[in-house]
Amino acid sequence: MPSMADPLLITVAPTGAETAKEDCPQLPTTLDELVATAKECEAAGAAMIHVHIRDADHRPTLDLGRLTDTVSALHESTGLVVQLSTGGSVHDPLDLRLKVLDAAPDSCSLTMGTTNFGDDVFSNPWPFITELYQLSQERQVVPEFELFDLGHVAALRRLLDRYGLPYGGKVHVDFVMGVPGGMPGTAAALVAGVAALPDAVTSWSATGIGRTTLSVMLASLAQGGHLRVGMEDVLTISKGVPVESNRQLVERAVEAGRLAQRTPMSGTEARALLGLPAAA
Ligand code: KMH
Ligand code: ZN
């Protein structure tokens, strides 16, 4: 389990699938904007990027050509671990979400159960989870297990018991907290989640949606965890003040980590943490 002295993994989730470009022009939605964001977030201290892409009209898409070009562009321009979202948007069908692995990312998100998601439902039935997991093992893609609820921790234990360890042999999870319909973004919920993790888990991070971002960040650091930040998860830097850029959120995470005596890890260190081979 992580300790206060461990290097800090900062994952940036710059775009997400929920915010419209017209409501937030600073949201990176084109490939050029995404690559520019990735470069500045890496320079600021991020080591992994969690990617959702958009189409020419800035709407969420799982277009395989675009996903493949995105993975290549991010690998060419940065040393970040590239994680593609298999969650997509709440409207994406399960078969297209499985096809995301055809774009050959380093890592993919893998959510451990269905959850209410505001007024919508984020669907992750057990057969989909097991199919995606076995596909990730076959394709040598490292999953990041997304836990939106405490029940998802139990589902992770069940998955590992039945299907063994992920590709690379490490088990990295991310608590996504404060989604309306999921677990609350509180220190108490994070403590309960961490205490319930299976022994096979080798690293964990946490992110709090919206106004829970700071409490989850501080609670994670207090327990020696890692951090995910980005405009997928929060659009204000303080009450009523819009986030200017993803870099600003990464810089804040670096500063919080510094207070906890944690130094941001590089992409190379993140690859080792996650059980990925060194970059080509
Ligand atoms: N956009 C949410 C419905 C993931 O990336 O895997 C799902 C999500 C999780 O963001
Ligand atoms: Zn996501």
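Every heavy atom of this structure was used, including side-chain atoms; hydrogens, water molecules and symmetry mates were not. Numbering starts at 1 and runs along the sequence shown. Just follow the structure's listing: the first ligand is 1, and inside any ligand the first atom is 1.
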Please walk me through it: do Gln83 and Ser107 pass side chain to side chain donor-acceptor pair (under 3.5 Å)?
-> CA-CA 4 Å; Gln83 178 184 98; Ser107 172; 3.1 Å; yes
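- Numbered from 1 in the order shown, with element, the atoms of ligand 1 that lie under 4.0 Å from a heavy atom of Val90 read 3 (C).
- Heavy-atom separations between Gly88 and ligand 1 include at least one value shorter than 4.0 Å.
- Although no hydrogens or angles enter the test, the distance criterion places a donor-acceptor pair under 3.5 Å between the side chain of Thr202 and the main chain of Val171.
- The shortest N/O to N/O separation between Ala17 and ligand 1 does not fall below 3.5 Å.
- For atom 6 (O) of ligand 1, the closest heavy atom belonging to the protein is Ser109 OG, 2.7 Å.
- The N/O atoms of Glu146, backbone and side chain alike, include none that comes under 3.5 Å of an N/O atom in ligand 1.
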Passes side chain to side chain donor-acceptor pair (under 3.5 Å), Asp6 versus His226? Steps please.
-> CA-CA 9 Å; Asp6 283 341; His226 299 285; 5.9 Å; no
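- Interface atoms of ligand 1 facing Gly87, defined by a heavy-atom separation under 4.0 Å, are 4 (C), 6 (O).
- Ligand 1 has no N or O atom lying under 3.5 Å from any N or O atom of Thr86, backbone or side chain.
- Closest approach between the Zn ion (ligand 2) and any N/O/S atom of Glu232 involves OE2.
- Under 2.8 Å from the Zn ion (ligand 2) lies no N/O/S atom of Glu146, from backbone or side chain alike.
- Proximity to Glu18 (heavy-atom distance under 4.0 Å) selects the following atoms of ligand 1: 1 (N), 2 (C), 3 (C).
- Under the 3.5 Å distance criterion, the side-chain polar atoms of Glu144 are left unmatched by any main-chain donor or acceptor of Asp174.
- At least one donor-acceptor pair closer than 3.5 Å links the side chain of Ser72 to the backbone N or O of Thr68.
- Phe122 CZ, 3.5 Å is the protein heavy atom nearest to atom 7 (C) of ligand 1.
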Check the pair Val81, Ile49 against side chain to side chain contact (heavy atoms under 4.5 Å, CB included), reporting the backbone distance first and the verdict last.
-> CA-CA 6 Å; Val81 175; Ile49 185 163; over 6 Å; no
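- Residue contacts with ligand 1: Ser89 is placed with no nitrogen or oxygen under 3.5 Å of a nitrogen or oxygen of the ligand (distance criterion only).
- Side chains of Thr111 and Asn124: no donor on one and acceptor on the other come within 3.5 Å.
- Ranking protein heavy atoms by distance to atom 10 (O) of ligand 1, first place goes to Glu232 OE2, 2.9 Å.
- Residues Arg54 and Thr61 approach most closely at C-CG2, 3.4 Å, considering heavy atoms.
- Residue, atom and distance of the protein heavy atom nearest to atom 5 (O) of ligand 1 are Ser85 OG, 2.6 Å.
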Give the C-alpha distance, both sets of side-chain angles, the deciding distance and a yes or no for side chain to side chain contact (heavy atoms under 4.5 Å, CB included) between Leu227 and Leu221.
-> CA-CA 8 Å; Leu227 302 177; Leu221 289 171; 4.1 Å; yes
